[in-house]
Amino acid sequence: MRLAAFILAAPAILRHGIALGVNRLGWFRTQAARMSDSGEGDNGPGNGDNGSGTAVITRTKTRTKKPSMYRVLLLNDDYTPMEFVVLVLQRYFNKTAEQATQIMLHVHRNGVGECGVYTYEVAETKVTQVMDFAHKHQHPLQCIMEKK
Ligand code: TYC
C-alpha cells in the first residue's frame, strides 16, 4: 500500500481494529478472570454480566486497623498501705514483687504511675477490678485509664 493510501485508510483501520481486536466485553472477562485467579478483588454475586452486555467489576480491599491503646494508672494517696498497692500490681497487672515495688514507689514519689497498657475493654476491666478490690478493703486507692 502506498503511503498516501495508508494515511487515508488509517482512521478506518484504527476504528475497526479496536472494535474487532479488543472486544470490550472480552477485555472485562479477561480482567475478571485474572483478578479472581490472583485472589485480587472480590468478584462475588452481583458483579457479573446481568445480560445487558455490560460487566461491572468491583474490588474490595481489606483494611485492618490497630486498636487504640489505653494506659492504666494508679494515683497516690496518703492512706492506702504500700503492701496493698504491691499486691494489686501483682494480682491484676501480673508484676513480680520487684516490679510491683518499683511501680508502687514511683507512684508514691511522683503521684501517678503506669501499671500497663491495654485495649479499651481490658483496661476498663482492670480499673473496675482494682477499684472494687480497694473499696472492699476500705482503701481510697484510685485507678484510672487514659487513651495513649
Ligand atoms: N502513699 C501511700 C503510703 O505512703 C502508698 C501508696 C502508693 C498509695 C501508691 C497509693 O497508688 C499508691 N502509704
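One is the number of the first residue; the rest follow in order along the sequence. Bear in mind the structure is a predicted one, so any value in this text is a computation, not a measurement. Both counts, for ligands and for their atoms, begin at 1 and track the order of listing.
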For [atom], grab the closest protein heavy atom and report residue, atom and distance to one decimal in Å.
atom                   : answer
atom 4 (O) of ligand 1 : H108 CE1, 3.1 Å
atom 2 (C) of ligand 1 : D77 O, 3.2 Å
atom 7 (C) of ligand 1 : N76 OD1, 3.6 Å
atom 5 (C) of ligand 1 : T80 O, 3.4 Å

Atoms in ligand 1 with a heavy atom of V85 nearer than 4.0 Å: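 Near V85, the atoms of ligand 1 are 6 (C), 7 (C), 8 (C), 9 (C), 10 (C), 12 (C).
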
Which ligand 1 atoms, with their elements, are less than 4.0 angstrom from a heavy-atom of L141?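 Taking each heavy atom of L141 in turn, ligand 1 has 10 (C), 11 (O), 12 (C) under 4.0 Å.
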
Check: L89 and M104 side chains under 4.5 Å, non-hydrogen atoms: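 They are in side-chain contact.
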
Answer yes or no: is there a side-chain heavy-atom contact under 4.5 Å between L141 and Y79?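 No. Closest side-chain heavy atoms not under 4.5 Å.
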
So which of D78, L75, L73, L74 gets nearest to atom 10 (C) of ligand 1, if we judge by its closest heavy atom?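 The nearest heavy atom belongs to L75.
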
Going by the closest heavy atom to atom 9 (C) of ligand 1, which one wins out of L105, V107, V88, N110?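 When every heavy atom of L105, V107, V88, N110 is considered, V107 comes closest to atom 9 (C) of ligand 1.
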
Give the minimum heavy-atom separation between C115 and K95, together with the two atoms involved.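 Looking at all heavy atoms of both residues, the closest pair is O-CE, 3.1 Å.
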
If you take all heavy atoms of P140 and T80, which pair is closest and at what distance?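 Here P140 and T80 meet closest at CD-OG1, 3.4 Å.
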
What do you reckon, is NE2 of H135 surrounded by more than 12 foreign heavy atoms closer than 6.0 Å?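 Count not over threshold, so no.
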
Okay, side chain of K126, backbone of Y92: is any donor-acceptor separation there less than 3.5 Å?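 Looks like yes, one N/O pair under 3.5 Å.
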
